[in-house]
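To start, the structure under review is shown below, and the notes come after it.
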Amino acid sequence: MTAPTLTPRVEQLMNQIETGLDRGLIPASIYGDPQVYQTELRNIFGRCWVFLAHESEIAANGDYVVRRIGEDNFIVVRDEQGSINVLFDACRHRGVQVCRADSGNTSHFRCPYHGWTYNTTGELVGAPLWRNAFGGMSKEENGLVKAAKVDSHHGLIFATLDPSAPSLRDYLGGMGWYLDLVFGLDEGGVEVIGAPQRFVVDANWKSGADNFCGDDYHLGTLHRSVWEIGAFPVPFRENMMGYHIQASPGHSLSFSMAPDADEPGPKFFGFPEDVAERFTSGNRISPEQLEIARRSRVFVGNVFPNFSILALPMTEDGAKHAPTGVLTVRTWQPKGPGQIEIFNWFLAYKSMSPEQKDRAYRAGLGTFSVGGSFEMDDTEPWITVGRTGRSVAAELLDFELNYQMGMPGIGIAKPVDDWPGPGITYWTRYEEGVQRNMYRFYAQMMRAPKGEWPKLTFSGQ
Amino acid sequence: MTAPTLTPRVEQLMNQIETGLDRGLIPASIYGDPQVYQTELRNIFGRCWVFLAHESEIAANGDYVVRRIGEDNFIVVRDEQGSINVLFDACRHRGVQVCRADSGNTSHFRCPYHGWTYNTTGELVGAPLWRNAFGGMSKEENGLVKAAKVDSHHGLIFATLDPSAPSLRDYLGGMGWYLDLVFGLDEGGVEVIGAPQRFVVDANWKSGADNFCGDDYHLGTLHRSVWEIGAFPVPFRENMMGYHIQASPGHSLSFSMAPDADEPGPKFFGFPEDVAERFTSGNRISPEQLEIARRSRVFVGNVFPNFSILALPMTEDGAKHAPTGVLTVRTWQPKGPGQIEIFNWFLAYKSMSPEQKDRAYRAGLGTFSVGGSFEMDDTEPWITVGRTGRSVAAELLDFELNYQMGMPGIGIAKPVDDWPGPGITYWTRYEEGVQRNMYRFYAQMMRAPKGEWPKLTFSGQ
Amino acid sequence: MTAPTLTPRVEQLMNQIETGLDRGLIPASIYGDPQVYQTELRNIFGRCWVFLAHESEIAANGDYVVRRIGEDNFIVVRDEQGSINVLFDACRHRGVQVCRADSGNTSHFRCPYHGWTYNTTGELVGAPLWRNAFGGMSKEENGLVKAAKVDSHHGLIFATLDPSAPSLRDYLGGMGWYLDLVFGLDEGGVEVIGAPQRFVVDANWKSGADNFCGDDYHLGTLHRSVWEIGAFPVPFRENMMGYHIQASPGHSLSFSMAPDADEPGPKFFGFPEDVAERFTSGNRISPEQLEIARRSRVFVGNVFPNFSILALPMTEDGAKHAPTGVLTVRTWQPKGPGQIEIFNWFLAYKSMSPEQKDRAYRAGLGTFSVGGSFEMDDTEPWITVGRTGRSVAAELLDFELNYQMGMPGIGIAKPVDDWPGPGITYWTRYEEGVQRNMYRFYAQMMRAPKGEWPKLTFSGQ
Amino acid sequence: MYSKLYAKSAVMENEMRPLSTGSPEHVEVVDFLHLEAELLDDLREREWLSEMVSKDVVYQLPVRETVERARGRGFIPDTYHLNEDYGSLNAKVARNETSFAWAEDPPSRIRHFVTNVRVRRDETDADLLHVRSNVLVYRTRQDQTNPQILSGERADTLRREDGRLRLLRRVVLLDLTVIGTHNLALFF
Amino acid sequence: MYSKLYAKSAVMENEMRPLSTGSPEHVEVVDFLHLEAELLDDLREREWLSEMVSKDVVYQLPVRETVERARGRGFIPDTYHLNEDYGSLNAKVARNETSFAWAEDPPSRIRHFVTNVRVRRDETDADLLHVRSNVLVYRTRQDQTNPQILSGERADTLRREDGRLRLLRRVVLLDLTVIGTHNLALFF
Amino acid sequence: MYSKLYAKSAVMENEMRPLSTGSPEHVEVVDFLHLEAELLDDLREREWLSEMVSKDVVYQLPVRETVERARGRGFIPDTYHLNEDYGSLNAKVARNETSFAWAEDPPSRIRHFVTNVRVRRDETDADLLHVRSNVLVYRTRQDQTNPQILSGERADTLRREDGRLRLLRRVVLLDLTVIGTHNLALFF
Ligand code: FES
Ligand code: FES
Ligand code: FES
Ligand SMILES: [Fe+3]
Ligand SMILES: [Fe+3]
Ligand SMILES: [Fe+3]
């Protein structure tokens with residue numbers, strides 16, 4: 001079907017975003033309105049490139065994992081030729097789920113209802129007593145439905161359902177440079193530790209994305225407990241030093257960095273020294289990227305719509321273990337306007353020793369996981385952002401969220417001219433332009449007619 | 001109110017059914033779209049004749065059971081004159097439930113709120129201090145609301161809320177001939193054993209109806225376990241021999257029958273020999289009907305929309321008991337687009353001995369019940385048909401279900417010209433025309449304006 | 001945003017109310033239709049004065065309780081100047097809940113996400129490192145959002161979100177006279193005992209409001225058990241004697257009163273004699289009001305939309321304790337078309353002795369509370385009124401609720417000409433005009449365009 | 001009035017370890033609690049009241065609020081959903097014996113799951129046993145398939161009267177601030 | 001047929017108090033029930049059947065209706081969701097051992113919470129123990145986070161056979177009229 | 001990596017029957033588990049940690065997936081939601097003692113229902129007891145009326161240290177693949 005035209009309420013809210021952004025205001029109702037959510041599923045999740053898995057999760061031919069595009073299940077499977085396929089998990093006969101485990105290794109997917117059997121590229125290869133039942137029917141037209149496009153970047157597998165979507169490279173735009181900086185830092189690349197955690201929180205998916213665009217300021221209040229238990233080594237005020245970057249439309253990130261390049265303190269997101277040395281000696285990136293990584297205490301960013309990346313020094317037990325570099329990626333999978341399922345992966349640079357990986361995993365589990373000291377506080381306010389988003393009062397009172405921090409005349413953040421990377425950059429992280437960048441692109445995608453795409457570069461860049 | 005006009009999405013899906021049926025394709029979204037479901041409640045369940053109960057369940061005057069039309073409760077009660085009334089279970093004063101037990105025997109229904117009291121024909125007969133409160137008010141205009149029409153066929157009680165509905169006979173059309181064949185097989189007719197089981201499954205009601213139209217092919221994969229434990233006597237490939245019949249618009253059925261009339265194997269759906277002898281000597285049907293019944297190993301059929309019938313030889317314990325004839329009827333009661341409550345009745349021919357009835361009941365419980373070896377597998381794929389029906393991906397990808405088996409050029413099924421019964425008949429059961437017959441009528445009912453009905457006979461019959 | 005125009009279905013149902021009321025008929029679907037409910041949240045709860053708390057609950061400066069307008073949380077807080085503020089519980093930064101306890105005493109509300117801090121009048125007073133982050137941003141424009149108007153009457157605190165709303169006095173209209181009669185009966189006024197009970201029932205909010213408008217007739221059937229256990233002293237038929245009063249548009253009430261002014265039996269709602277003597281000697285009301293209170297056995301009434309008041313003699317243990325006066329107020333908080341949260345307060349006249357208060361509290365708990373012998377029966381029929389309201393059958397069958405009791409020619413109730421108080425009054429309580437008064441105003445509010453209000457007085461009064 | 005906070009109950013503050021689950025007192029208490037639950041789930045409320053409840057019983061279900069950790073568990077002093085004595089319990093049982101107790105006729109289906117029984121002796125009175133137990137109540141009405149599930153602690157005091165234990169005090173501390181079941185006609 | 005009502009089960013009518021939870025019989029029964037639940041939750045159904053169930057077993061789950069209080073608990077006589085003997089239980093276990101038992105492959109996750117065990121001796125046969133227990137079954141499938149929770153009483157009879165207790169009779173009295181779990185492939 | 005499957009835990013494979021529920025070891029373990037649950041439900045986490053947990057504790061909650069019956073229970077090797085030692089447990093308890101542990105302040109209301117306790121001796125070390133128990137956790141926050149209910153098995157090892165049992169190892173095997181509660185700030 002053609003993309004549904006926006007309902008009057010959605011149209012109105014998108015107008016309100018576009019007019020409000022210049023004043024740093026966003027209508028709260030986009031955080032709960034059910035029509036907005038339905039449009040997001042179709043115009044955002046049904047069109048954008050979304051992250052599904054890392055290649056190390058399906059290392060061998062026949063390995064598969066089941067993941068989501070929007071609310072729907074897709075099989076991400078490495079076929080017998082080693083290529084990666086993203087297949088809608090619905091039998092072409094009657095729509096039954098054909099992949100019944102969350103992950104595994106297989107040569108075929110057999111539907112339990114009538115036995116239609118597909119290979120790992122999604123082709124229909126047979127059914128019981130085929131000649132009697134289906135002899136003469138085209139197998140070609142009855143394979144599992146594939147995502148329109150699949151591609152990966154440093155092993156990160158993305159897919160889109162929109163045949164008119166730009167390439168992944170173009171979609172990422174300037175953000176690619178920053179992903180390279182993190183995932184290309186070590187020559188051998190990264191790998192997933194274990195398998196992703198999954199947990200459900202009663203929040204809207206945009207709260208996670210918004211936060212990971214670079215909401216550094218919340219640490220001082222929401223995460224104050226982590227300093228009391230010594231989980232994070234950089235004091236709040238110091239940690240506000242660094243850069244906010246709108247990498248390209250929709251995608252934003254933030255670096256914690258001391259003003260002085262040689263200030264003591266964590267380097268390379270806190271990864272151990274011998275690992276950092278390998279970064280310097282063997283990597284896939286430019287000297288500028290390497291220097292930024294070296295100086296960075298924290299990297300946090302979000303690839304629009306719902307893929308977030310975090311690298312920082314943490315510890316689960318400050319009394320016993322010094323903070324160490326943790327690298328986690330996560331998706332905020334929508335499950336209704338007021339619910340998300342968080343998929344949370346811990347990654348390690350492949351070249352790290354087993355002990356280093358274990359240390360990083362324990363530190364990550366103790367901080368950025370459903371039972372971690374950081375994450376459990378994060379989800380708390382997001383729950384009530386969703387409540388306000390759903391509220392009739394917000395609608396009646398025209399309640400708007402405030403994203404004014406760092407706008408001209410507000411606070412101390414200032415644009416940076418000589419930044420070596422792509423995008424629009426601010427110094428000091430007292431700044432919410434990173435989020436405004438997300439919402440501007442969001443509103444454009446929400447309105448974009450079928451087959452058309454908003455501009456993927458900033459004017460003048 | 002007048003019937004709501006279809007929303008654009010429902011209109012589009014109905015168009016898609018009508019144009020897709022000729023190619024054997026049905027849009028998956030009718031299995032989950034909430035607007036489709038709301039229209040079904042009004043245009044299908046609010047208009048068609050639906051099955052409620054068997055007369056043997058309310059044998060005595062004053063006996064009642066509470067049953068559903070769509071999602072709503074109706075009291076099915078035998079009044080003091082022995083007539084059957086179908087009454088909306090809502091007090092005419094403030095709409096309160098007046099019948100608080102699921103079944104029973106009573107002379108009156110008294111509303112707990114203010115005490116309005118109705119007799120078993122639904123007439124308002126009084127209230128406390130009537131003269132003070134209501135003296136002068138018409139009792140006639142304030143009786144319980146009755147279904148527009150009620151009728152029964154071989155003791156099977158049906159009702160419709162649509163005053164413009166055709167007679168039950170006309171509604172059943174050709175299907176009546178086949179119901180006669182099963183329920184009129186023994187002179188004394190049938191009776192319900194015990195009371196219906198009720199269980200809830202997260203599936204769409206059409207999955208049950210579709211399956212019982214004659215989805216014989218699924219046995220080979222989904223029910224493969226039943227052969228391993230010896231629960232069913234006819235091998236998969238042999239069991240595919242038989243007839244598929246579109247009895248009349250909407251209603252379909254299927255017989256398992258060996259090609260050779262005298263082949264050994266179950267006769268009369270596996271009912272015991274002495275019972276079968278009585279069928280032959282005393283029945284209410286024609287010789288043609290009797291001969292079909294004699295040759296039949298399995299009868300399965302669906303009266304549109306949601307009343308299914310099954311007769312076949314089964315056993316709950318192949319090691320100890322040979323399969324015996326089981327007769328079960330069930331309704332797929334809608335409870336939202338993604339949920340059904342299954343009412344499951346076991347029937348016996350009245351003339352069977354208590355031991356035979358017990359055997360049939362145990363065999364039925366062990367196979368076609370919520371804990372039965374057949375049924376528990378059936379509901380499994382239906383759950384994910386509903387998931388696909390609800391999915392945004394199915395909408396965006398225009399995902400269609402495939403009903404091409406047995407269409408010209410596909411498989412071996414062939415039309416039969418010399419069939420003695422009504423309807424359109426195919427030999428061998430590798431065929432999905434039975435389901436297409438259901439969906440064609442379904443789409444017509446969904447679109448039919450208030451007061452108008454689709455044609456109830458096939459053109460040329 | 002401007003008030004949404006009514007959907008066709010809501011428009012149709014409102015028309016049906018207005019045309020049906022003259023015949024005493026109301027469409028059942030207003031008790032379950034989700035569009036009706038959404039309109040109610042906006043046009044009824046988003047505009048009318050709603051009850052939130054009693055001043056005695058927040059006696060000290062800094063005391064607060066969290067309460068609801070519609071489904072949304074508002075903080076009701078006494079500020080440092082002793083004034084009462086009603087603040088939407090949503091941070092102006094990102095919409096996070098700022099008040100995390102149900103009640104308490106505080107000088108500030110600090111948001112947990114980024115630390116924006118508000119004082120008890122709702123002003124934004126700071127945030128961490130304010131200058132760095134927000135220096136230059138207006139604090140005035142970023143305070144907590146206040147209800148449009150707040151006022152109280154005998155300590156009963158009401159608020160409205162509609163700036164165009166009339167004053168509370170005008171809104172209450174004639175109902176104020178009757179509230180005075182109850183709450184001004186004792187010179188010292190009333191106070192809350194403990195804190196409100198809260199419990200959730202699967203019913204529509206209008207069932208509670210409708211019942212408390214003066215549904216006295218239901219006692220004879222629904223509450224028959226209370227006489228069997230001696231919980232209430234006035235026999236059913238006698239208790240039907242008294243007055244039904246439509247105080248002003250929307251607001252209704254009912255008094256149980258013997259025909260003869262000096263008949264023995266409870267006086268002053270059953271409050272103890274020494275309390276009654278104080279009523280007579282020191283009060284804030286007129287001799288007419290006092291005389292009505294003296295003769296009254298029961299007062300029950302509803303302030304539109306969802307604030308109900310009840311005063312009557314009850315006991316939790318008839319064998320041991322004689323009935324005593326109980327005063328309870330409650331709100332029927334909407335939580336969806338089919339659910340309410342009941343807030344139930346027990347009040348006492350401040351001048352009562354601790355023993356008298358305890359007696360009244362125990363009697364109230366034993367009767368009008370979630371575990372009380374009256375209330376637990378009340379909610380029972382309301383659950384199925386909601387079921388009928390949601391039903392498709394009610395829609396298809398045009399099912400209407402009957403409010404004809406006491407209309408001309410029906411029953412014995414008669415208009416009273418010489419009533420000293422405001423409003424339209426009937427003698428004997430076999431009468432449902434009190435409810436019709438509610439629904440007439442309800443339909444007017446539902447249709448009223450933004451900024452406009454229905455007439456708040458009866459024509460000719 | 002919101003400044004007063006509910007003191008942790010005396011039983012909670014009792015730092016004594018519970019008696020061993022192998023002790024005779026523990027066994028006797030569990031026997032009592034199982035029989036009690038059986039009678040209640042079998043709707044033999046009259047027998048429960050007359051056989052197992054003391055004439056001096058205090059039976060309370062306090063109202064609870066959400067409050068900050070530092071303010072305790074949130075039970076509001078002297079504020080109840082239920083505050084019963086023998087007479088009022090008797091009135092409830094009697095009410096259910098009439099034919100007009102609509103709220104629970106047809107009765108909902110109720111089951112008590114009693115676990116984590118902890119028994120402590122009273123420090124001064126040898127006839128008293130203080131018992132904390134966890135109770136999960138499963139309840140359905142009509143054709144509900146989604147049960148209502150209530151959970152809480154019962155802080156009981158049992159007293160030996162004429163040689164048999166009887167329920168002298170029960171404080172039901174629910175793990176809820178808002179009661180989400182259609183009525184509190186049930187006994188915990 | 002609706003005029004006949006389900007008699008309260010013999011076990012229910014037994015006015016005998018249960019044996020003390022400290023009695024050897026009670027201990028032995030609890031040991032039995034715990035081991036049984038462990039085998040079932042570990043999906044060791046074959047061992048459960050062969051080691052713990054009598055060849056003469058009667059295993060029933062009757063159908064229930066909502067009826068007025070005066071009409072009892074609503075179990076419909078001779079009407080079942082499950083009515084099994086050893087052979088049919090064996091067929092179920094065997095089915096799960098095939099690779100085509102789709103309903104429970106992948107298996108749902110099931111846990112039995114067994115509480116309130118009450119044991120009574122048979123009045124005549126010393127080899128029989130009558131046991132009532134409350135059972136709460138927690139079940140999830142796929143990535144469900146909202147569990148299906150079933151509750152009921154199990155009215156069991158255990159028989160000593162060759163020195164060991166075995167399950168001779170189990171009547172599962174669910175607190176539901178409509179079964180709200182996707183199938184009854186599980187054993188209670 | 002998905003070809004490796006989680007071996008059934010050593011405890012599960014232990015074919016030994018559990019010790020009788022009447023044995024002194026069983027009684028001692030139940031006493032331990034009841035006291036532990038009491039401290040946790042009373043939010044006395046510090047006392048629990050210092051009085052009942054071994055300094056050598058291993059405390060894990062592995063991640064689970066849905067997998068075919070033949071592939072076992074679906075716990076993914078070396079993959080956790082929680083993987084704690086004494087130090088990290090201590091950090092959690094310490095965090096809750098700050099005034100900024102927003103996630104659990106106001107605290108949610110938590111109750112542990114501990115049932116089906118099965119105790120087995122270690123085959124070689126007389127100081128160790130292996131304990132399997134079923135735990136159902138009922139939890140509400142704010143004014144929720146629909147509880148969050150978690151269920152699982154705890155595979156514990158208790159060690160006698162200086163005469164008293166302490167928790168040496170706890171593996172929480174939840175009956176869920178996706179965690180459906182707002183955080184895992186609680187202790188199982
Ligand atoms: S639905 Fe998959 S084979 Fe039929
Ligand atoms: S609602 Fe039935 S009598 Fe009033
Ligand atoms: S949301 Fe309240 S301070 Fe940011
Ligand atoms: Fe954070
Ligand atoms: Fe089937
Ligand atoms: Fe009432």
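Here is how names work: the chains are called A, B, and so on, in the same order as the sequence lines, proteins then strands, and each is numbered from 1.
With a 4.5 Å cut-off on non-hydrogen atoms, D:Thr181 touches chain C through its backbone but not through its side chain. C:Arg362 touches chain D through its side chain: at least one heavy atom from C-beta onward sits under 4.5 Å away, while N, CA, C and O do not. Using a 4.5 Å cut-off between heavy atoms, C:Thr221 contacts chain D through both its backbone and its side chain. Residue contact with chain D, scored on non-hydrogen atoms closer than 4.5 Å, involves the side chain of C:Glu228 exclusively. For D:Ala101, the part sitting under 4.5 Å from any heavy atom of chain C is the backbone (N, CA, C, O) and nothing else.
Under the 4.5 Å side-chain criterion, counting only non-hydrogen atoms from C-beta, C:Lys320 is in contact with D:Asp85. When side chains are defined from C-beta on, C:Tyr361 counts as touching D:Thr79, because their heavy atoms get closer than 4.5 Å. Side-chain atoms of C:Glu341 and D:Val178, non-hydrogen and from C-beta on, do get closer than 4.5 Å to each other. In this structure the side chain of C:Met376 reaches within 4.5 angstrom of the side chain of D:Lys92, judged on heavy atoms.
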- Query: How far apart are the C-alpha atoms of C:Trp227 and D:Thr98, what are their side-chain angles, what is the distance that settles it, and do they pass the side chain to side chain contact (heavy atoms under 4.5 Å, CB included) test?
  - Reply: CA-CA 10 Å; C:Trp227 283 286; D:Thr98 73; over 6 Å; no
Residues D:His81, C:Ser369; criterion side chain to side chain contact (heavy atoms under 4.5 Å, CB included); working and verdict
CA-CA 7 Å; D:His81 285 290; C:Ser369 88; over 6 Å; no
C:Glu380 vs D:Arg141, test: salt bridge (Lys or Arg N to Asp or Glu O under 4.0 Å). Steps then yes/no. CA-CA 11 Å; C:Glu380 193 64 23; D:Arg141 49 171 279 138; 2.9 Å; yes
Could you give me the CA-CA distance, side-chain angles and deciding distance for C:Ser225 and D:Arg95, then say whether side-chain hydrogen bond (donor to acceptor under 3.5 Å, both in side chains) is met? CA-CA 6 Å; C:Ser225 73; D:Arg95 201 186 91 88; 2.8 Å; yes
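Smallest separation of non-hydrogen atoms from D:Tyr80 and C:Gln197: O-NE2, 3.2 Å. Listed here is the closest heavy atom pair of C:Ala101 and D:Val67: CB-CA, 4.0 Å. In terms of heavy-atom proximity, D:Leu82 sits nearest to C:Gly371 at CD2-CA, 3.9 Å.
Between the C:Asp377 side chain and the D:Ala103 main chain, a donor and an acceptor come within less than 3.5 Å of each other.
Going from atom CG of D:Leu184 over to atom CG of C:Leu365 covers 11.0 Å, rounded to the nearest 0.5 Å.
Counting non-hydrogen atoms of neighbouring residues, nucleotides and ligands closer than 6.0 angstrom, the CZ atom of C:Arg237 reaches no more than 12 such neighbours.
Top candidate by heavy-atom pairs under 4.5 Å with chain D, chosen from C:Val201, C:Ile383, C:Val200, is C:Val200. Interface summary for chain C: among D:Val63, D:Thr66, D:Leu61, the most heavy-atom pairs under 4.5 angstrom belong to D:Thr66.
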